[in-house]
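Read through the structure below, which is laid out as structure tokens, and then see the notes.
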Amino acid sequence: MLQRFLLFYFILIFASTNTFAQDGTCVSGNCQNGYGRFEWHSGEEYIGNFSNGKMNGYGVFYWQNKRKFIGGWKKGKMDGEGILFYENGQIKKGIWKANTFVRLLRNDFSLSRENIQHGEHELLQMLVDRPALADIVQKDDLIWQWVLYKLAGEDVQSPIYWQANSNKNFPIPTGVNAVHAYPTPKSEGRVWVADDITSEEMWAGIVYELHNIKNGPEFQKIERDAKYFACSRKDYIMRYARLEYKAAQETAIFYRTIWLPYCQSKGIKPQPQLWFYYLPDTFEKWAKGFKDPSSYPWHPYSGYYDQIVKDVVKNY
């Protein structure tokens, strides 16, 4: 009986978005086919992607009662992965289909109010240390929301921290714009971006590393294999590169579905090459361009491999 009641409750809540006719105003951007912000006369608000005048893609919906949904939309309805924030602070992360709640996404990590506050604190500190970030994205924009929840630990089930500078525990290779350290049982996940690049380069680097940090468990496996001489230097480098190719693919999708429409709504001309927009369709094609032994991926990963082997021999 309780399960039936909860299912009815969810359906009742999520079906309510069907009642919103277009009795409002497109406050900014393109609310037909692009990125925009739409406000209803009844007090609701949506910020995100549109298609044929309907919420479609990734976006944030605010109810008048302070409830909020951030996630996927299709033809004006909640569809795909998303997070529902209740006015009392309760959070539900799950899957929706045509405004109907389907199931929870469960893991041992709770995307709590404290973790979300952590994400916002880190993001605000990033803007203090890298003020150029504010040239394109402002607080509560869709990009802001996306990064905030990644820093809160949405993908890696652990809060991610902003790293402003290099130190002995977070060395930064030369010639790179962004770096991450994936979370381990002994250390927090961290992300860094250079301070001598453009605002869009910074955002591209942050988004890429927040995708790349999800590869942490696979990166750790590569490290273990190197320590036990279970892979050669070339294998080590190519395995790292293959994982980063996956992060580049996700970054290119982010560009097409979120960043490009966002920039179009702001009148900003984006630079697609920063977002791997021209990435070859297979890793093998991409790897054919790795010809300079002093550049990526040989740098920095050959040095990492050599250091691992050196440490193993030293401690043998």
(message) Could you check whether any side-chain N or O of Q163 sits under 3.5 Å from a backbone N or O of Y161, counting only pairs where one atom can act as donor and the other as acceptor?
(response) no
(request) Say whether, by atom type as modelled, one donor and one acceptor occur between the side chain of N30 and the main chain of G36 under 3.5 angstrom. (result) no
(message) With side-chain contact (heavy atoms from CB on, under 4.5 Å) as the criterion, how do F229 and V309 come out once you've worked through the C-alpha distance, each side chain's angles and the decisive distance to 0.1 Å?
(response) CA-CA 8 Å; F229 301 103; V309 172; 3.9 Å; yes
(message) Taking the side chain as everything from C-beta on, heavy atoms only, tell me whether F38 gets closer than 4.5 Å to I47.
(response) no
(message) Treating N56 as the side-chain partner and K75 as the backbone partner, does any N or O pair qualify as donor plus acceptor under 3.5 Å?
(response) yes
(request) Flag yes if more than 12 heavy atoms outside K246 fall under 6.0 Å of its NZ atom; otherwise flag no. (result) no
(request) Inspect the contact between R239 and D225 and indicate whether a charged nitrogen and a carboxylate oxygen are less than 4.0 angstrom apart. (result) yes
(request) Report yes if the side chains of I258 and V207 come closer than 4.5 Å at any heavy-atom pair, otherwise no. (result) no
(request) List the atom of A226, the atom of Y236, and the distance in Å for their closest heavy-atom pair. (result) CB-CD1, 3.8 Å
(request) Return the minimal non-hydrogen interatomic distance between I91 and S112, and the atom names on each side. (result) CD1-C, 3.9 Å
(message) Does any part of the side chain of Y35, heavy atoms only, come nearer than 4.5 Å to the side chain of L260, both counted from C-beta?
(response) no
(message) Less than 4.0 angstrom from a charged side-chain N to a carboxylate O is my criterion; do E284 and R242 meet it?
(response) yes
(request) Could you check if a side-chain atom of T100 sits within less than 4.5 angstrom of a side-chain atom of K77, using non-hydrogen atoms only? (result) no
(message) To the closest 0.5 Å, what do you measure between CD (E154) and CD1 (I160)?
(response) 10.0 Å
(message) Is a donor from one side chain sitting under 3.5 angstrom from an acceptor on the other, for T198 and E200?
(response) no
(message) I'd like to know if the side chain of E244 pairs up with that of Y296 as donor and acceptor (distance under 3.5 Å, no hydrogens or angles considered).
(response) yes
(request) Please report the C-alpha distance between K92 and I83 in whole Å, then the side-chain angles of each, then the deciding distance to 0.1 Å, and finally whether the side-chain contact (heavy atoms from CB on, under 4.5 Å) criterion is met. (result) CA-CA 6 Å; K92 294 286 185 183; I83 309 172; over 6 Å; no
(message) Test side-chain contact (heavy atoms from CB on, under 4.5 Å) on N212 and F219; report intermediate values, then the result.
(response) CA-CA 10 Å; N212 202 20; F219 289 143; 3.4 Å; yes
(message) On a heavy-atom basis, which atom in Y262 and which in V137 lie closest, and how many Å separate them?
(response) OH-CA, 3.5 Å
(message) Does this structure show an ion pair linking K93 with E81, if we count only N-O contacts that are shorter than 4.0 Å?
(response) no
(request) Go through the steps for E45 and Q64 under the test side-chain contact (heavy atoms from CB on, under 4.5 Å), then give the verdict. (result) CA-CA 8 Å; E45 178 183 4; Q64 192 176 13; over 6 Å; no
(message) With a sphere of 6.0 Å drawn around OH of Y228, does it hold more than 12 non-hydrogen atoms of other residues, nucleotides or ligands?
(response) no
(message) Let me check something: do V147 and W192 share a hydrophobic cluster, defined by ILVMFWY side-chain heavy atoms less than 4.5 Å apart, either directly or through other members?
(response) no
(request) Using a strict 4.0 Å threshold on nitrogen-to-oxygen distance, state whether K310 and D306 make a salt bridge. (result) no
(request) Give a yes or no on whether the backbone of T257 and the side-chain of N49 come within a donor-acceptor separation of less than 3.5 Å. (result) yes
(message) Could you check whether K68 makes a cation-pi contact with F85, meaning its NZ or CZ is under 6.0 Å from the centre of the six-membered ring and within 45° of the ring axis?
(response) yes
(message) Between K285 and D281, does any side-chain N to carboxylate O distance fall below 4.0 Å?
(response) yes
(message) Strictly distance-based, threshold 3.5 Å: is any side-chain N or O of E122 a donor or acceptor partner for the main-chain N or O of W162?
(response) yes
(message) For the residue pair Y240 / E223, report whether a side-chain donor-acceptor contact shorter than 3.5 Å exists.
(response) yes
(request) Consider only side-chain heavy atoms of I, L, V, M, F, W and Y, link residues closer than 4.5 Å, and tell whether I213 and V179 are in one cluster. (result) no
(message) Quick one: does any side-chain atom of E120 pair with a main-chain N or O of I116 as donor and acceptor, under 3.5 Å?
(response) no
(message) Quick check for you: to the nearest 0.5 Å, what is the distance between I308 atom CD1 and C231 atom SG?
(response) 8.0 Å
(message) Tell me whether L124 shares a hydrophobic cluster with I136, the cluster being built from Ile, Leu, Val, Met, Phe, Trp, Tyr side chains joined at under 4.5 Å.
(response) yes
(message) Show the nearest heavy-atom pair for residues A241 and W286, with the distance to one decimal.
(response) O-CZ3, 3.5 Å
(request) Give a yes or no on whether the backbone of D292 and the side-chain of S295 come within a donor-acceptor separation of less than 3.5 Å. (result) yes
(request) Determine whether V193 and E209 make a side-chain contact, defined as any pair of heavy atoms from C-beta on separated by less than 4.5 Å. (result) no
(request) Kindly say whether A247 contributes a backbone atom to a donor-acceptor pair with the side chain of T251 at under 3.5 angstrom? (result) yes
(request) State, with a plain yes or no, whether a side-chain heavy atom of M238 is found less than 4.5 Å away from one of P297. (result) yes
(request) State, with a plain yes or no, whether a side-chain heavy atom of W63 is found less than 4.5 Å away from one of L84. (result) yes
(request) Tell me whether V156 is reachable from F254 by hopping between hydrophobic residues (I, L, V, M, F, W, Y) whose side-chain heavy atoms are closer than 4.5 Å. (result) yes
(message) Assess, by modelled atom type and distance only, whether the side chains of D79 and W73 contain a donor and an acceptor separated by less than 3.5 Å.
(response) no
(request) May I ask whether L243 and F290 are part of the same hydrophobic cluster, defined by side-chain heavy atoms of I, L, V, M, F, W, Y residues being less than 4.5 angstrom apart, directly or through others? (result) yes
(request) Any chance you could lay out the ring-ring contact (aromatic ring centres under 6.0 Å, His included) test for W40 and Y62, step after step, and finish with the verdict? (result) CA-CA 10 Å; W40 282 262; Y62 297 90; over 10 Å; no
(message) Tell me whether R130 contacts the main-chain N or O of A164 through its side chain, where contact means a donor paired with an acceptor under 3.5 Å.
(response) yes
(request) Please name the pair of heavy atoms, one in V312 and one in K227, separated by the smallest distance, quoted to 0.1 Å. (result) CG2-O, 3.7 Å
(message) Which residue is it: F276, W275, W146? I am looking for the one with a ring pair (Phe, Tyr, Trp, His ring centres under 6.0 Å) to H211.
(response) W146
(message) As an exercise, state the distance from NZ of K288 to CZ of F283, rounded to the nearest 0.5 Å.
(response) 12.5 Å
(message) Does the plane of the ring in W96 sit parallel, tilted or perpendicular to the ring in F69? Use 30° and 60° as the thresholds.
(response) perpendicular
(request) Would you indicate whether the side-chain heavy atoms of D129 and D195 approach each other to under 4.5 Å? (result) no
(request) Decide whether Y46 and E39 meet the rule of one side-chain donor and one side-chain acceptor closer than 3.5 Å. (result) no
(request) Decide whether D141 and Q145 meet the rule of one side-chain donor and one side-chain acceptor closer than 3.5 Å. (result) no
(message) Once you measure the plane-to-plane angle for Y304 and Y301, does it fall in the parallel (<30°), tilted (30-60°) or perpendicular (>60°) bin?
(response) perpendicular
(message) Return the CG to NZ distance between L148 and K139, rounded to the nearest 0.5 Å.
(response) 8.5 Å
(request) Look up atom CG in D196 and atom CE in M202, then write down how far apart they are to the nearest 0.5 Å. (result) 7.5 Å
(request) Give a yes or no on this: more than 12 heavy atoms of other residues, nucleotides or ligands lie within 6.0 Å of atom OH of Y277. (result) no
(request) Count the heavy atoms of every other residue, nucleotide or ligand shown that sit under 6.0 Å from NE2 of H118, and state whether that count exceeds 12. (result) yes
(request) Search all heavy atoms of H299 against all heavy atoms of T174 and return the closest pair with its distance. (result) NE2-O, 2.9 Å
(request) Return yes if some donor-acceptor pair links the side-chain N/O of N215 with the main-chain N/O of E218 below 3.5 Å, else return no. (result) no
(message) Working to the nearest 0.5 angstrom, can you tell me the gap between N169 CG and E188 CD?
(response) 10.0 Å
